[in-house]
Amino acid sequence: MKAYFSALIDKSSPAENSKLAKNLIKYLKKTLKTPESSTDFKEHNAFIFLAADKPLEEPFSPKTLKEAQSRIHLRLQEYYTKNKSKLQKYLKGKRELKETSQIVKSFLKEIDPKLEKVFDLRLKKLISELPTMFCELQINSMTAIWNLSEEQKVQFYLSGWTSPVFKASGVKPDIDLEAMVDKLAFLNFFCIFLDPTLLRLREMNKVLERLKLGLHGTHYRSSNSDVQAKLEMFLRILSAKLSSLQNMDKTIFSIFKLFNEPTTYFKKHDLIKLSGDLRTAVRQMSWKINQGKSLLTEVQDKLEGCQNKLKDYLDETTNEMKTTKSMDEFRFALLTMAELSSDLFVEAELSKLWLDFFGSDLPFYTFQSSLFSPQTPQAFEASAEHIISVRGLVKNYSLGQTTVYAVRGVDLDIKEGEFVAIVGNSGAGKTTLLNCMAGLDEPDYGIVFFKGRDLHQSDDSEKSKARLLDMGFIFQSYALLPHFDTRENVALPADLAGLSKDLKNRIEELLEGVGISRQAKQYPAQLSGGQMQRVAVARALTNRPAVIFADEPTGDLDSVTGKQVMDLLRKFHEETKTTIIVITHEQDIAGFAERKIMMKDGIVTQS
């Protein structure tokens, strides 16, 4: 018997997440009577996943299954309730919200004191109800998969569904349930996420449409400088609120896109056919996502339109303007716009909090086929023609309370003797990929084969030896030892490998080859940037490596010197057929390579 569980977690609370994991494992062992070695957990993106394995002489009773699910659900509820209190406290003390809402209230009070009161009540309601909404949604995020192998059935539990329990009979005995865990988690997630998200989009759409109509006609200024200043600040605040939603479409589209993976998986393994309930639910969710995409495009267009209108509200070249001394006339003229704009402020704040809650991690989710089982070289055989092969590479970094999803499921092959450029903007994941390929960093998931061996199955000494003898490195900042002269810096890899005597002539040839033989006795501080990078190139070539990794080698150089360094690399590649991997964000530098590998947001988009 195998069982798998999943639920949403708050990535900003690592200490609480650790406590949660320990408690859940504790209750699993107690309820299922499994040994500690047969239970495991994994945090991945915004989810926690649990696994339990137990050989059974007799099948579990439905009562035992229900009890295990109830205990886990109860622990999760306690965890989510704590998160709810934390979020309520955060919203009440949120400085930006306090300051901007005060500016809005100050202006609304000038127009109509009743508007100020209504706005204040709506804002307080938002702060009070939103954490409860998130809490309820999280509570319904739990899923479970029970492999009832004795009955040749798989039982699914999806807490967000109207009928949360269903069984699939006739499941193939060799089906890999571990590969199904996060796909099922997302099916359940979309069940609880889509309706409230569509509601948010519809509400935003209504407010934007009404405001669009309300901004037509004559625009008014007040001759009272204090009142006019409040109007101008009010317009700036509204424009800034809308600006904070400028990536809303990209974020939600990225989440919607995740729906493709579970539906493809379940269709491929005929599980949708095995369960009518699952088939119906998937069809409904697919329809809602298509509806959401259309609505999102419409909302984004209106957002941009209203933002421009608010920015240009007092622009006399684009609007019919009137300056009035009468406060009554000014109040009457701006009453509708003020009311609609205050509605927009609340709706925009709600949408922004919604995006922050779901958009920090989920858009970067990478589906896994082996969350708990370590991937092994036997799962994939590298081709002899490829000096480097990468499969399913994932690497994340924690920065305070946020997570950087640097590399997201990269598959890549590099042939021996190739000259390739990995190209992308800053933050695309290029350097992280290089570090994992060179064994400088450990991936969270995935395999890196180097010269036919699983690099990350090697110990530190083996990896260090591979980097010393088989890899050469060129860095943007040169990384030369300041107290070593040019010759000593170039000879360093040979010295470390104990080859300095054997490679003495080679070092002199390299100094000549890169054009710095005259600077052999000079220290880095006495060299120009171009000369230091030539030293770095020579050093990278000293031990005749199989691969040279060059991370932004021209980043600190002017264009002419940068071209000279790349000409040098190309020359050595043509002469030695050494594999060269260059990291760059510049297309002209990438043009020196034989092949370009494009990266964006941690994913290889073209290879």
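We count residues from 1, following the sequence as given. Every value quoted in this text rests on a predicted model; they were computed, and no experiment measured them. Atoms considered below: every heavy atom in the structure, side chains included; atoms not considered: hydrogens, waters and symmetry mates.
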Quiz item: Are the side chain of Gln155 and the backbone N or O of Ile145 linked by a donor-acceptor pair below 3.5 Å?
Solution: no
Practice problem: Give a yes-or-no answer on whether the side chains of Ser389 and Asp413 include a donor-acceptor pair shorter than 3.5 Å. | Solution: yes
Exercise. Evaluate the side-chain proximity of Thr143 to Phe156: yes if any heavy-atom separation is below 4.5 Å, no if none is.
Key: no
Quiz item: Are Arg595 and Ile414 close enough, and set up right, to give a side chain to side chain contact (heavy atoms under 4.5 Å, CB included), and what steps lead you there?
Solution: CA-CA 10 Å; Arg595 176 163 68 110; Ile414 295 174; 4.0 Å; yes
Quiz item: When you check the gap from the basic side-chain N to the acidic O, do Lys82 and Glu78 get nearer than 4.0 Å?
Solution: no
Self-check item: Smallest separation among heavy atoms of Ser341 and Leu238, with atom names
Solution: CB-CD1, 3.1 Å
Quiz item: Does a side-chain heavy-atom distance below 4.5 Å link Phe345 with Thr100?
Solution: yes
Quiz item: Do Lys395 side-chain atoms and Glu442 backbone N/O form a donor-acceptor pair below 3.5 Å?
Solution: yes
Practice problem: Would you give the length of the straight line joining atom CG of Leu412 to atom SG of Cys436, rounded to the nearest 0.5 angstrom? | Solution: 12.0 Å
Quiz item: So among Asn45, Val394, Ile603, Thr366, which one has a side chain to side chain contact (heavy atoms under 4.5 Å, CB included) with Tyr405?
Solution: Asn45
Quiz item: Does the Tyr79 side chain pair with the main chain of Ile9, one donor and one acceptor, at a distance under 3.5 Å?
Solution: no
Quiz item: Is it true that atom CD of Glu320 has more than 12 heavy atoms of other residues, nucleotides or ligands lying nearer than 6.0 Å?
Solution: no
Quiz item: Quick check: are there more than 12 heavy atoms from other residues, nucleotides or ligands sitting under 6.0 Å from CZ of Phe332?
Solution: no
Practice problem: Taking Arg221 for its side chain and Leu314 for its backbone only, find out whether a donor-acceptor pair lies under 3.5 Å. | Solution: yes
Quiz prompt | Smallest separation among heavy atoms of Asp343 and Arg210, with atom names | solution = OD2-NH2, 3.5 Å
Quiz item: With no hydrogens and no angle check, is any side-chain donor or acceptor of Glu178 less than 3.5 Å from a backbone partner on Phe372?
Solution: yes
Self-check item: Charged N-O contact under 4.0 Å between Asp249 and Lys293
Solution: no
Quiz item: Are the side chain of Arg75 and the backbone N or O of Leu24 linked by a donor-acceptor pair below 3.5 Å?
Solution: no
Self-check item: Shortest non-hydrogen contact from Leu310 toward Ser239
Solution: CD1-N, 4.4 Å
Practice problem: Please tell me if the side chains of Leu355 and Ile252 come closer than 4.5 Å, counting only heavy atoms from C-beta onward. | Solution: yes
Practice problem: Verify, without hydrogens or angle tests, whether Ser286 (side chain) and Arg283 (backbone) share a donor-acceptor contact under 3.5 angstrom. | Solution: no
Quiz item: Just how far is it from atom NZ of Lys430 to atom CG of Asn425, taken to the nearest 0.5 Å?
Solution: 7.0 Å
Self-check item: Stepwise side chain to side chain contact (heavy atoms under 4.5 Å, CB included) check, Asp444 with His44
Solution: CA-CA 9 Å; Asp444 296 327; His44 183 49; over 6 Å; no
Practice problem: Find the distance between OG (Ser369) and OH (Tyr445) and round it off to the nearest 0.5 Å. | Solution: 10.5 Å
Quiz item: Backbone N or O of Asp315 within a donor-acceptor pair of the Asn319 side chain at under 3.5 Å?
Solution: yes
Quiz prompt | From Met133 atom CE to Leu87 atom CG, the distance as rounded to the nearest 0.5 Å | solution = 11.0 Å
Exercise. Would you indicate whether the side-chain heavy atoms of Leu362 and Phe189 approach each other to under 4.5 Å?
Key: yes
Quiz item: Under the side chain to side chain contact (heavy atoms under 4.5 Å, CB included) criterion, do Leu245 and Lys352 qualify, and how do the steps go?
Solution: CA-CA 6 Å; Leu245 299 174; Lys352 182 65 171 65; 4.0 Å; yes
Quiz item: Quick one: are His219 and Lys309 in side-chain contact, heavy atoms under 4.5 Å?
Solution: no
Exercise. Before accepting this row, confirm whether a basic side-chain N of the pair Lys288/Asp195 lies closer than 4.0 Å to the acidic partner's carboxylate O.
Key: yes
Quiz item: What pair of heavy atoms forms the shortest contact from Ile139 to His73, and how long is it?
Solution: O-NE2, 2.8 Å
Quiz item: With distance as the sole test, does Thr336 use its side chain to make a donor-acceptor pair with the main-chain N or O of Gly214 at under 3.5 Å?
Solution: no
Quiz item: Got a salt bridge between Lys241 and Glu347, using NZ or NE/NH1/NH2 to carboxylate O under 4.0 Å?
Solution: no
Exercise. Check step by step if side chain to side chain donor-acceptor pair (under 3.5 Å) holds for Thr403 and Asn396.
Key: CA-CA 7 Å; Thr403 301; Asn396 306 323; over 6 Å; no
Exercise. Looking only at non-hydrogen atoms, find the nearest pair between Phe190 and Leu258 and report the distance.
Key: CE1-C, 4.0 Å
Self-check item: Distance (rounded to the nearest 0.5 Å) between Met142 CE and Ile48 CD1
Solution: 12.0 Å
Self-check item: Residue pair Asn140 / Trp161, side-chain heavy-atom distance below 4.5 Å
Solution: no
Quiz item: Do Glu203 and Lys206 sit within salt-bridge range, that is, some charged N less than 4.0 Å from a carboxylate O?
Solution: yes
Exercise. Look at Lys94 together with Glu349 and state whether they make a salt bridge at an N to O cut-off of under 4.0 Å.
Key: yes
Quiz item: Does some side-chain heavy atom of Met248 sit less than 4.5 Å from a side-chain heavy atom of Trp354?
Solution: no
Self-check item: Which atom of Leu126 lies closest to which atom of Leu353, heavy atoms considered
Solution: CD2-CD1, 3.8 Å
Quiz item: Do Phe186 and Phe47 have their ring centres less than 6.0 Å from each other?
Solution: yes
Quiz item: Ion pair present between Lys322 and Glu329, side-chain N to carboxylate O less than 4.0 angstrom?
Solution: yes
Quiz prompt | Inter-residue atom distance Asn435.CG - Asp441.CG, 0.5 Å rounding | solution = 5.5 Å
Quiz prompt | Non-hydrogen side-chain atoms of Leu123 and Lys105 separated by less than 4.5 Å | solution = no
Practice problem: Examine Tyr265 together with Phe367 and report whether their ring centres are nearer than 6.0 Å. | Solution: no
Exercise. Take Phe592 and Val582 through the test side chain to side chain contact (heavy atoms under 4.5 Å, CB included) and record every step on the way to the result.
Key: CA-CA 10 Å; Phe592 283 84; Val582 172; over 6 Å; no
Exercise. For the pair Asp182 (side chain) and Gln368 (backbone), establish whether a donor and an acceptor sit closer than 3.5 Å, ignoring hydrogens and angles.
Key: yes
Exercise. Identify whether NZ of Lys or CZ of Arg in Lys84 sits under 6.0 Å from the centre of the six-membered ring of Tyr80 and within 45° of that ring's axis.
Key: no
